[in-house]
Amino acid sequence: MTGSFAHPYIPNAAPDVKRAMLDAVGAESVEDFYVDVPAELRLQAPLDLPAPVRSEAGLVRHMNGLLGRNTSTRDALSFLGGGVYQHHVPAVVDEVVDRSEFLTAYAGEPYEDHGRFQALWEYQSLMGELLEMDVVNVPTYDGFQAAGTALRMAGRVTGARRVVVASAVAADKLSKVVDYVRPDHDVVVVPVVDGRADLAAVRAAVAEGDVAAVYAEAPSFLGVVDPALPELGAIAHEAGALYVVNCNPISLGVVAPPASYGADIVCGDVQPLGVHMSFGGGNAGFIATRDEEHLVAEFPSRLFGVAPTTVEGEYGFGDVAYERTSFALREEGKEWVGTAAALNGIAAGVYLALMGPQGMREIGETIMANTRYAMTRLAAVPGVEVPNADAPHFADFAVRFTGSRTVAEVNAALRGHDVFGGHALSERDALYCVTEVHTKDDIDRLAALLEEIAK
């Protein structure tokens, strides 16, 4: 491409136009914009794109061929968890979110989307009740971003630099959080012991000072509901730091909400609440705090509230403290947070309204019972161990293969029986998961297959 030629669909790709844009921002080349992306994550070769499809019929055939290569949890028995979970999604959830009034990723504006604003306000209210917190945001993109944003909020409140991670955290989540907060924060990861927080090591890390937050997960990536969670909050507060807890919201029918043991900011992903797995998510991140100005002022995302209108007895729904957001401040905003997960927030709101307090309690009890049965049943299989089995678990739990088979070999053998095994943690360790959709027969089938594979 030379001179001023521009592709009709990519007008800014003409060399002279690109040069003018680069000069305007003071960059030598497009490569300057990617220096923060680690080399190992960058594609060092041209995209391997297929030849153009020249008809609609050909495109449909091509896409159906790609989709046909997927195996969903409708076609196979799955024990995958670790962040995206298989739960039953009531039909009414899909019926509501598929309505044309809601079926968009964006939150919209008051003059066109009053109904969507109300739906998201209802979602926030239901989540606030579940979390025992006053203020809940309109969803961020996913739980990873919610965790990163919650920690940056803590940093803005405290003015401190260091973040101490006290729980087992998924490697991909930790990578995203570290990348998101690194302009402002250094992340110190304290290794866990027997799946639980090492309190002495956390105290030592906090004692070095300049701590913005102590971060913990309930349950942790390994599924452990750590009895030390309240003490971690005390350690944070003694150091003048905030306590940030990432939780699985579907556990809160049976597990105490983080606010009850000292959490200042609670975050997580609503995917377990009525959002389909969708081959990896289906996600939306929530952040919640008490209704305290110094905390609420640091939310970068939208908050919807209810207020009386000029008409007696009429109420409207709209943005609260809009001036905080990047919509109002643009490049001066604390962070930029988009609205692409609002639809999943509405799905979670419908789910919570359907379940109610009793339903959330029942589903939590079922998942905990299934988890304990699965841990006990698999631990009885020769060549299989379940580490940290004495700790309370929710949904996820670690499994160690002590025989001759590696996790990769076990998973390959299970796939031959239309079963998805656990996420590989190492050559010998895997993370398994059960929820309310798994039956005793499902777990017994997994145990029988593992016994057969071990032989």
Side-chain angles (χ1 to χ4, degrees), residues 48 50 61-89 168 170-173 195 219 221-223 248 271-272 275-283 366-389 393-455:
D48 184 17
R61 182 175 183 178
H62 173 70
M63 293 305 299
N64 285 338
L66 293 178
L67 292 171
R69 291 159 59 182
N70 287 323
T71 302
S72 78
T73 53
R74 293 185 297 271
D75 308 312
L77 177 60
S78 174
F79 293 95
L80 294 169
V84 176
Y85 298 96
Q86 184 183 6
H87 294 286
H88 174 67
V89 177
D172 52 352
K173 179 189 289 186
F221 174 58
L222 300 177
N248 183 340
Q271 186 275 324
V275 181
H276 294 280
M277 294 179 79
S278 300
F279 298 96
N283 299 97
T366 300
I367 293 172
M368 290 202 83
N370 284 353
T371 306
R372 181 53 55 181
Y373 177 75
M375 293 170 66
T376 303
R377 183 70 180 84
L378 296 190
V381 174
V384 175
E385 292 180 357
V386 178
N388 315 317
H393 283 69
F394 187 91
D396 294 299
F397 59 97
V399 168
R400 178 168 298 145
F401 297 105
T402 59
S404 60
R405 300 278 192 148
T406 65
V407 171
E409 291 169 338
V410 170
N411 284 348
L414 288 172
R415 284 196 297 272
H417 296 275
D418 292 325
V419 175
F420 294 134
H423 289 291
L425 301 175
S426 68
E427 187 178 63
R428 296 288 178 178
D429 296 290
L431 188 70
Y432 277 71
C433 174
V434 292
T435 68
E436 81 284 358
V437 303
H438 294 89
T439 65
K440 178 178 180 296
D441 287 344
D442 292 334
I443 297 167
D444 289 342
R445 180 186 173 201
L446 172 64
L449 286 172
L450 290 177
E451 192 163 350
E452 178 183 327
I453 292 166
K455 293 178 182 178

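As a basis for the values below, the full set of heavy atoms in this structure was taken, side chains included, without hydrogen atoms, waters or symmetry mates.
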In a table with atom names and distances, give each donor-acceptor pair under 3.5 Å that connects a side chain of residues 419-428 to protein atoms at least two apart or in another chain.
{"residue": "His423", "atom": "NE2", "partner": "Gly81", "partner atom": "O", "Å": "3.0"}
{"residue": "Ser426", "atom": "OG", "partner": "Arg428", "partner atom": "N", "Å": "3.3"}
{"residue": "Ser426", "atom": "OG", "partner": "Asp429", "partner atom": "N", "Å": "3.1"}
{"residue": "Ser426", "atom": "OG", "partner": "Asp429", "partner atom": "OD2", "Å": "2.9"}
{"residue": "Arg428", "atom": "NH1", "partner": "Gly403", "partner atom": "O", "Å": "2.6"}
{"residue": "Arg428", "atom": "NH1", "partner": "Arg405", "partner atom": "O", "Å": "2.7"}

Within the structure provided, determine whether [X] and [Y] are in side-chain contact (heavy-atom separation under 4.5 Å).
{"X": "Leu446", "Y": "Phe79", "value": "yes"}
{"X": "Cys433", "Y": "Leu80", "value": "no"}
{"X": "Asn283", "Y": "Val275", "value": "no"}
{"X": "Asp418", "Y": "Arg415", "value": "no"}
{"X": "Arg377", "Y": "Lys440", "value": "no"}
{"X": "Met277", "Y": "His87", "value": "no"}
{"X": "Phe397", "Y": "Leu222", "value": "no"}

Looking only at heavy atoms, what is the nearest atom pair of [X] and [Y], with distance?
{"X": "Phe221", "Y": "Leu431", "value": "O-CD2, 3.4 Å"}
{"X": "Ala374", "Y": "Ile443", "value": "CA-CG2, 3.7 Å"}
{"X": "Gln271", "Y": "Gly282", "value": "CG-O, 2.7 Å"}
{"X": "Ala398", "Y": "Pro387", "value": "O-CD, 3.4 Å"}
{"X": "Val410", "Y": "Leu450", "value": "CG1-CD2, 3.6 Å"}

Any donor-acceptor pair under 3.5 Å linking the side chain of [X] with the backbone of [Y]?
{"X": "His438", "Y": "Ser78", "value": "yes"}
{"X": "Asn370", "Y": "Thr435", "value": "yes"}
{"X": "Asp396", "Y": "Gly82", "value": "yes"}

| field | Chi angles and distances behind the side-chain contact (heavy atoms from CB on, under 4.5 Å) call for Val384, Phe401 | value | CA-CA 5 Å; Val384 175; Phe401 297 105; 3.9 Å; yes
To the nearest 0.5 angstrom, please state how far the [atom1] atom of [X] sits from the [atom2] atom of [Y].
{"X": "His393", "Y": "Met368", "atom1": "NE2", "atom2": "CE", "result": "9.5 Å"}
{"X": "Thr73", "Y": "His276", "atom1": "OG1", "atom2": "NE2", "result": "10.0 Å"}
{"X": "Arg372", "Y": "Ile367", "atom1": "CZ", "atom2": "CD1", "result": "15.0 Å"}

| Who passes ring pair (Phe, Tyr, Trp, His ring centres under 6.0 Å) against Tyr85, sequence neighbours left out? |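 Once residues adjacent in sequence are excluded, Tyr85 has no partner under the ring pair (Phe, Tyr, Trp, His ring centres under 6.0 Å) criterion.
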| task | Check whether the side chains of Glu436 and His88 place a donor and an acceptor atom closer than 3.5 Å, and report yes or no. | result | no
| message | Does Asn70 form a side-chain contact (heavy atoms from CB on, under 4.5 Å) with Phe279? I'd like the steps, not just the answer. | response | CA-CA 8 Å; Asn70 287 323; Phe279 298 96; 3.4 Å; yes
| Does a side-chain N-to-carboxylate-O contact under 4.0 Å join Asp441 and Arg445? |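 Not counted as a salt bridge, because no side-chain N and carboxylate O are separated by less than 4.0 Å.
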